[in-house]
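Computed from a predicted model, the values in this text were never measured in an experiment. Indexing begins at 1, ligand by ligand and atom by atom, following the structure's order.
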Amino acid sequence: MQRLRELSRRVEAVYGEMADTFSSYQQDSGLSCRSSCGECCTQPTIEATVLEMLPLALHLFDQGKAEQTLTQLEELPEVSGCFFYQRLSFDGKQGQCTVYQQRPSICRVFGAAGYRDKMGKTSLSVCKTIKSDKAEKYQQHLIMLTEHPPPMMMSAKEQVNELDYELGNKHYPINQALFMALEKVLFKSYYSSFSTDLQIA
Ligand code: SF4
């Protein structure tokens, strides 16, 4: 259990740097999200590794909500958006993340970030809502890619996932990744109760 806690602290340290880098780029470029927009959180295609969900799984465990959340995740339809998205409008486009501090990498880099195209050149990935809201700024930043390169989405994710090959080498739908992270935490906690290392914190 102590090893999972240490690993989670290292993931969170990278998350801290990531938040600074990506939110600075999004603020400085003007390519930031609409207030209360959560359309991306409703997509069933969001993926994360088990490692990326570890801080959230430990947070839920510490709050005594791990088993309850596992049961709720089991009852979700096979195809669904993120369990932690709270809809605030009928169509679900307005809403909020209820686990913002513990959200995984993809949620920290999504919006406006760099990626490598098929030719290996740096390009700019911008969500379709931002693109339509801020079409002119998007075009300007495409032209200025060399002078003002965006932070790269994949290298940020890799920085997290290379912290642990076993937990960071495979992506799953976000709810499934959390389910697996919770199972891991509960399993470790159960076995650590048999060892001399009874200290969870
Ligand atoms: S963790 Fe939060 S930001 Fe990420 S998809 Fe879920 S609700 Fe959205």
Side-chain angles (χ1 to χ4, degrees), residues 7-9 11-27 31-63 65-66 68-113 115 125-131 133 150-154 156-161 163 167-168 170-185:
L7 188 54
S8 176
R9 277 192 278 272
V11 171
E12 286 174 299
V14 180
Y15 280 172
E17 291 165 23
M18 206 185 266
D20 291 345
T21 310
F22 284 84
S23 57
S24 297
Y25 177 76
Q26 290 168 14
Q27 294 302 324
L31 297 170
S32 48
C33 300
R34 261 185 214 176
S35 170
S36 300
C37 178
E39 199 174 347
C40 54
C41 305
T42 62
Q43 304 302 314
T45 47
I46 308 165
E47 291 194 335
T49 62
V50 175
L51 182 60
E52 289 170 42
M53 304 310 285
L54 187 58
L56 176 55
L58 281 165
H59 173 73
L60 293 166
F61 176 81
D62 291 339
Q63 289 190 321
K65 293 182 180 167
Q68 174 200 335
T69 308
L70 265 187
T71 307
Q72 289 171 312
L73 288 170
E74 258 175 338
E75 287 165 359
L76 284 180
E78 203 169 310
V79 178
S80 57
C82 180
F83 176 69
F84 289 100
Y85 179 60
Q86 182 184 18
R87 290 170 184 248
L88 296 175
S89 68
F90 185 69
D91 63 5
K93 291 183 180 177
Q94 297 280 300
Q96 64 186 19
C97 175
T98 56
V99 289
Y100 192 76
Q101 295 303 324
Q102 294 81 28
R103 71 200 189 286
S105 315
I106 184 66
C107 311
R108 293 166 192 264
V109 303
F110 197 76
Y115 72 99
S125 164
V126 173
C127 113
K128 65 178 172 45
T129 306
I130 300 177
K131 239 185 236 180
D133 281 357
M152 302 301 280
M153 194 182 293
M154 283 317 289
K157 276 180 69 67
E158 277 162 16
Q159 236 185 307
V160 172
N161 288 323
L163 293 174
L167 299 180
K170 194 162 176 207
H171 286 77
Y172 301 91
I174 189 166
N175 296 327
Q176 189 185 343
L178 175 62
F179 188 92
M180 293 166 78
L182 283 168
E183 280 188 323
K184 185 102 192 157
V185 167

(request) State whether the number of non-hydrogen atoms from other residues, nucleotides or ligands found under 6.0 Å of Lys131 atom NZ is greater than 12. (result) yes
(message) Walk me through whether Lys157 and Glu52 qualify under salt bridge (charged side-chain N to carboxylate O under 4.0 Å, His left out).
(response) CA-CA 9 Å; Lys157 276 180 69 67; Glu52 289 170 42; 3.0 Å; yes
(message) Measuring only between side-chain heavy atoms, which start at C-beta, is Gln159 closer than 4.5 Å to Met18?
(response) no
(request) Indicate yes or no: at least one non-hydrogen side-chain atom of Glu74 is less than 4.5 angstrom from one of Phe179. (result) yes
(request) Determine, stepwise, if the pair Leu60 / Leu178 fulfils side chain to side chain contact (heavy atoms under 4.5 Å, CB included). (result) CA-CA 10 Å; Leu60 293 166; Leu178 175 62; 4.3 Å; yes
(request) Check the surroundings of atom CD in Gln63: do more than 12 heavy atoms from other residues, nucleotides or ligands lie under 6.0 Å from it? (result) yes
(request) Return the set of protein N, O or S atoms whose distance to atom 6 (Fe) of ligand 1 is under 2.8 Å, each given as residue and atom. (result) Cys82 SG
